[in-house]
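Encoded as structure tokens, the structure appears first; notes follow it.
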Amino acid sequence: MTEEIKNEEQLNFLEEIIEADLAAGKYQQIIARFPPEPNGYLHIGHASSICLNFGLTKKYPGYTNLRFDDTNPVTEDTEYVESIKADIRWLGFEWKNELYASDYFDTLYEYALKLIQKGLAYVDDSTSDEIASMKGTPTEAGKNSLYRNRSIEENLDLFTRMKNGEFSDGSRTLRAKIDMAHINMLMRDPILYRIKHAHHHRTGDKWCIYPMYDMAHGQSDSIETVSHSICTLEFVPHRELYNWLIEKLEIYPSHQYEFARRNINYTVTSKRKLLQLVTEKHVTGWDDPRMPTISGMRRRGYTAESIREFCDRIGIAKRENIVDVGLLEFCVREHLNKIALRRMVVFHPLKVVLSNYSGDGEWLESENNPEDPNGGKRKIPFGRELLIEQEDFMENPPKKYFRLAPGQMVRLKSAYIIKCEEVIKDNNGNIVELHCTYIPESKSGSDTSGINVKGTLHWVSAKDAIEAEVREYDRLFKVENPSSEDGDFKDYINPVSLNIVTAYAEPALTESSIAEKFQFIRKGYYCLDTDATSEKLIFNKTVGLKDGWKPAH
RNA sequence: UGACCCAUGGUGUAACGGUAGCACUACUGAUUUUGGUUCAGUCAGUUAAGGUUCGAAUCCUUAUGGGUCAACCA
């Protein structure tokens with residue numbers, strides 16, 4: 001019975017492996033790690049990996065370490081270290097230990113010596129080109145290096161001198177001695193250490209030789225006794241080398257498991273490409289709201305909850321995929337609908353004069369969020385002259401047009417029902433103003449008019465409205481998968497991914513803070529941008545409302 | 001012309017030899033002082049061909065399609 005209930009839960013393949021390992025008593029707890037290289041900002045793909053690793057060790061006994069894979073000093077920087085830590089925390093996760101592969105450089109060096117002593121590694125004087133040309137191809141065996149059979153003593157001496165800085169960059173490498181005819185290219189005497197006289201963000205100038213990924217990653221996992229080392233599919237061929245090194249080094253046997261990285265349409269998630277967008281100024285920075293980076297999504301107004309929900313919904317598997325960005329947007333709307341404060345903002349104003357409204361105006365009340373009974377209310381000024389959206393009026397409306405038209409009535413949200421009496425045009429025939437009458441008995445909350453209207457419009461009081469800059473974003477790329485198209489991915493950048501409009505907002509918005517999320521009624525979800533000042537309101541469009549009405553033309 | 005990984009509606013993901021399910025999208029309808037939300041419903045899928053079996057998305061074979069591998073990157 002209990003087994004049946006348990007079986008109803010759908011596990012992904014990693015959870016199945018973990019549950020089997022736990023059930024077999026192979027591990028008492030599972031240890032995972034999130035291993036970013038500090039050479040770029042985290043993006044939505046990393047979010048998926050973070051949710052996976054940290055989520056697994058939340059679900060099962062154990063913990064996740066944060067380990068920076070900082071073995072290439074020329075591309076890495078502490079700016080990235082800090083942004084990565086901030087992004088993980090913002091997403092809602094906390095690591096057990098903050099670790100760096102560079103912390104293990106001494107140990108890794110000892111491991112290299114051990115390999116040399118076992119006759120399993122050698123110093124190669126070949127140039128980069130020579131090594132490449134002797135590597136063979138997937139269908140052709142490679143050739144042994146001229147230096148492959150040096151004595152252990154000579155290798156020890158040369159490697160020590162490499163470490164001591166006696167040789168120039170690129171002049172020598174330490175290579176594993178495996179098999180140049182191996183079917184797996186990675187096993188054809190892979191390079192373990194290379195010379196780089198470069199300043200490292202943590203170890204400074206202590207080292208001039210640095211381990212390659214394969215010589216560092218699995219060993220770091222092992223040092224940390226990581227039980228489940230989860231990475232993406234392109235590392236599948238590395239697993240053989242990962243295991244070979246652990247076996248020869250006789251160290252703790254961590255295991256590598258691979259899953260398919262998540263791709264999202266109309267964007268790119270490759271740090272190299274994202275870096276290019278930043279350095280070539282196609283966007284304003286790593287946190288440009290159009291970027292699929294965690295910092296960009298945060299600035300755009302996406303919530304951590306919605307990103308976690310998205311990662312949860314797309315799941316994990318081993319097959320190639322392109323997730324529809326629409327699902328991400330659904331998750332964002334789903335959360336924002338619950339928490340966003342409703343406000344009224346008119347983007348393309350059309351003046352409305354209420355010919356039968358006298359007096360200086362009045363303050364009306366409106367709920368902050370109809371989804372939240374405890375959300376409270378706010379005051380909105382109402383007056384004789386109002387602004388509505390140009391698109392909410394049509395002189396010759398199609399059928400089923402619920403908005404304003406000559407002789408037609410609509411409700412102004414939280415205010416009165418109005419009727420369009422007259423259309424005022426300029427000399428060119430453009431509509432510049434509407435003269436309407438309002439129904440005094442139709443006041444929101446105390447409506448005794450008995451009139452039912454289909455349409456409700458958002459509006460602002462003309463004299464009380466405040467100007468705000470609104471930045472509206474569209475997808476960064478014109479095609480679903482820019483990386484798979486011919487030519488450069490940058491050829492497919494959407495030239496109109498940013499549209500700036502000056503809008504007219506109700507006064508309550510003056511008090512906005514960056515932490516608040518808004519829904520501009522009938523428009524979408526918005527948030528204050530970091531560029532905003534006390535003099536100038538600037539909002540980012542997070543995502544639009546689902547739009548259920550399309551005029552038939 | 002090798003090896004490895006993968007193949008379920010438009011998209012993502014389940015079903016572990018026994019009724020192909022869930023979510024997003026799209027489309028209907030109801031409700032609605034947001035053409036939003038909510039609610040109800042509809043359309044739509046096992047790459048192909050063989051084989052094993054009482055029974056195959058699932059196991060086997062072959063084919064087809066996609067991805068990965070020849071950086072002193074990770």
Practice task
Ignoring backbone atoms, establish whether A/Thr137 has a side-chain N or O less than 4.0 Å from OP1 or OP2 of B/U1.
Solution key: no
Any protein N or O atoms within reach of nucleotides 2-7 of chain B? Criterion: under 3.5 Å, listing atom names and distances.
unit_1: B/G2; atom_1: N3; unit_2: A/Pro138; atom_2: O; d: 3.4

Can you tell me, in whole Å, how much space there is between the [atom1] of [N] and that of [M]?
N     : M     : atom1 : result
B/C22 : B/U62 : C1'   : 34 Å
B/A57 : B/U1  : C1'   : 33 Å
B/C59 : B/C6  : P     : 11 Å
B/G21 : B/A26 : P     : 22 Å
B/G9  : B/U25 : C1'   : 11 Å
B/U46 : B/U64 : C1'   : 16 Å
B/U13 : B/G2  : P     : 29 Å
B/U19 : B/A14 : C1'   : 15 Å

Exercise for the section: Could you check if a side-chain atom of A/Lys517 sits within less than 4.5 angstrom of a side-chain atom of A/Tyr302, using non-hydrogen atoms only? Expected result: no
Practice task
For the residue pair A/His199 and A/Pro73, establish whether any side-chain heavy-atom pair is separated by less than 4.5 Å.
Solution key: no
Round to the nearest Å and state the distance from [X] atom [atom1] to [N] atom [atom2].
X        : N     : atom1 : atom2 : result
A/Arg261 : B/A74 : CZ    : P     : 15 Å
A/Gln10  : B/A20 : CD    : P     : 16 Å
A/Glu240 : B/C69 : CD    : P     : 16 Å
A/Glu309 : B/C24 : CD    : C1'   : 12 Å
A/Leu327 : B/A23 : CG    : C1'   : 8 Å
A/Tyr210 : B/A74 : OH    : C1'   : 16 Å
A/Glu140 : B/C69 : CD    : P     : 19 Å
A/Phe13  : B/A15 : CZ    : P     : 13 Å

Looking at every strand, decide which applies to [X] at a 4.0 Å heavy-atom threshold: base, sugar-phosphate, or nothing.
X        : answer
A/His182 : nothing
A/Ile316 : sugar-phosphate
A/Ser133 : nothing
A/Thr127 : base
A/Phe235 : base

What does [N] pair with, Watson-Crick or G-U, if both distances are under 3.5 Å?
N     : answer
B/G29 : B/C39
B/U34 : none
B/A70 : none
B/G17 : none
B/A57 : none
B/A63 : B/U47
B/G9  : none

Tell me whether the rings of [X] and [Y] are parallel (<30°), tilted (30 to 60°) or perpendicular (>60°).
X        : Y        : answer
A/Trp207 : A/Tyr109 : tilted
A/Phe518 : A/Phe539 : perpendicular
A/Tyr80  : A/Trp286 : perpendicular

Whether [X] engages the ring of [Y] as a cation-pi pair (distance to the six-membered ring centre under 6.0 angstrom, angle to the ring normal within 45°) should be assessed.
X        : Y        : value
A/Lys419 : A/Tyr438 : no
A/Lys273 : A/Phe489 : yes
A/Arg150 : A/Tyr122 : no

Practice task
Check whether the ring centres of A/Phe310 and A/Phe330 lie less than 6.0 Å apart, and answer yes or no.
Solution key: no
Practice task
Could you please name the option among B/A14, B/U13, B/A74 that lies closest to any side-chain atom of A/Arg262?
Solution key: B/U13
Exercise for the section: Let me have a per-nucleotide readout for nucleotides 25-40 of chain B, 5' to 3', with B, S or -, counting only protein heavy atoms under 4.0 Å. Expected result: SSS-----BBBBS---
Completion exercise
Between A/Arg313 and A/Ile191, the residue closer to the 5' end of RNA chain B by nearest nucleotide is A/Arg313
Problem - Name of the residue among A/Glu367, A/Glu389, A/Glu506 meeting salt bridge (charged side-chain N to carboxylate O under 4.0 Å, His left out) with A/Lys413 - result: A/Glu367
Fill in the blank from the handout: Nearest heavy-atom approach of A/Gly544 to A/Arg333 is O-NE, 2.7 Å
Exercise for the section: Before giving the answer on salt bridge (Lys or Arg N to Asp or Glu O under 4.0 Å), spell out for A/Glu224 and A/Arg67 the whole-Å C-alpha distance, their side-chain angles and the decisive distance to 0.1 Å. Expected result: CA-CA 10 Å; A/Glu224 294 165 20; A/Arg67 184 180 69 238; 3.1 Å; yes
